[in-house]
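When a ligand or atom number is given, it counts from 1 through the structure's own listing order. From a predicted model like this one, the values you see are computed outputs, not experimental measurements.
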Amino acid sequence: MRVVFLGPPGAGKGTQAKRLAAHEGIPQISTGDIIREAIRSGSELGKEFKGYSERGELVPDELVVRLVAARLDQPDCKMGFILDGFPRTVPQAKALEQLLDERRMPLSAVIFFDVSDDEVVHRLSGRRTCTKCARIFHVEMEPYKGGPCAQGGQCDVVQRADDKAEVVAERLRVYREQTAPLVAYYQAQGKLTRLDGGKSQNDVETALNRVVT
Ligand code: AP5
């Protein structure tokens, strides 16, 4: 299984990628997570990423493509992978095609999680992430904090810096301008499956499993 998860910020790509990755025993490759990890590490690359991420802009294509190329060469990608949040521009999609051709690893599907802007704003304003087990919560989930953590003890939740209202608005603008054209791009290649991402997490998971497994 080699799939791309496409959709606006907050569409549920990460939530569903974690579930599918655990079920299939394949890695979730989230460029957002890789970028946040580089920022946390304080590396030179991380310092470069920080401004883009905090403003809600995309980091330059060539940097992300290099990160993904290195990740695809890890042995755990041999059995498949879920690309979560990559590609996000047409040049990234073209670069991915080349990377996969060179490695003889054709894509099996591109899943587009379709969610309204209002739902995106609601989800992202309430999103919290556990700093220990990386589980994603929404403040309306019970219990969203202090519940048992997979890493032991209780979950310790924080809000992402780019989930503040003004940054979310910019991320949506950037999505419409640079990422949404990929829907038509993959549709023209006959690879795109559209899912109603506005349904409950379990309903989205059921629909996803029907398509990819
Ligand atoms: P990234 O981390 O990829 O952010 P994103 O695409 O904006 O996606 P999110 O992680 O915000 O949302 P998601 O769709 O994963 O939703 P989630 O499952 O968490 O990227 C961050 C930044 O990194 C970018 O802005 C950019 O700067 C940089 N970057 C990353 N990739 C890049 C690339 N390829 N090129 C250039 N720059 C790049 O769910 C959201 C919330 O909703 C949670 O609270 C969850 O509990 C809840 N939820 C999930 N599903 C449901 C449901 N069905 N019903 C109700 N609630 C739900």
(request) Any salt bridge (charged side-chain N to carboxylate O under 4.0 Å, His left out) involving residues 75-94? Give me the pairs, sequence neighbours left out, ordered by first then second residue. (result) Arg71-Asp76

(request) Quick one: which residue pairs count as a salt bridge (charged side-chain N to carboxylate O under 4.0 Å, His left out) with a foot in residues 15-40, not counting sequence neighbours? (result)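 Those involving residues 15-40 are Arg19-Glu205, Asp33-Arg36, Glu37-Arg40.
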
(request) Sort out the contact shell of ligand 1: every protein residue with a heavy-atom distance below 4.0 Å, listed by chain and number. (result)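 Close residues (ligand 1, cut-off 4.0 Å): Pro8, Pro9, Gly10, Ala11, Gly12, Lys13, Gly14, Thr15, Thr31, Gly32, Ile35, Arg36, Ser53, Glu57, Leu58, Val59, Val64, Gly85, Phe86, Arg88, Gln92, Arg123, Leu124, Arg127, Ile136, Phe137, His138, Arg160, Asp162, Arg171, Gly197, Lys199, Ser200, Gln201.
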
(message) Looking at Asp163 and Arg171, is there a salt bridge between them, counting it only when a charged N and a carboxylate O are closer than 4.0 Å?
(response) yes

(message) Between the side chains of Asp73 and Arg103, is the shortest nitrogen-to-carboxylate-oxygen separation below 4.0 Å, so that they form an ion pair?
(response)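 Judged by the 4.0 Å cut-off on N to carboxylate O distance, Arg103 and Asp73 do form a salt bridge.
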
With a 3.5 Å cut-off and sequence neighbours excluded, list the donor-acceptor pairs that the side chains of residues 104-115 form with protein atoms.
from, atom 1, to, atom 2, distance (Å)
Ser108, OG, Arg2, N, 2.7
Ser108, OG, Arg2, O, 3.0
Asp114, OD2, Arg194, NH1, 3.2

(message) Is the positively charged end of Arg55 above the ring of Tyr52, judged by distance under 6.0 angstrom from the centroid and angle within 45° of the axis?
(response) yes

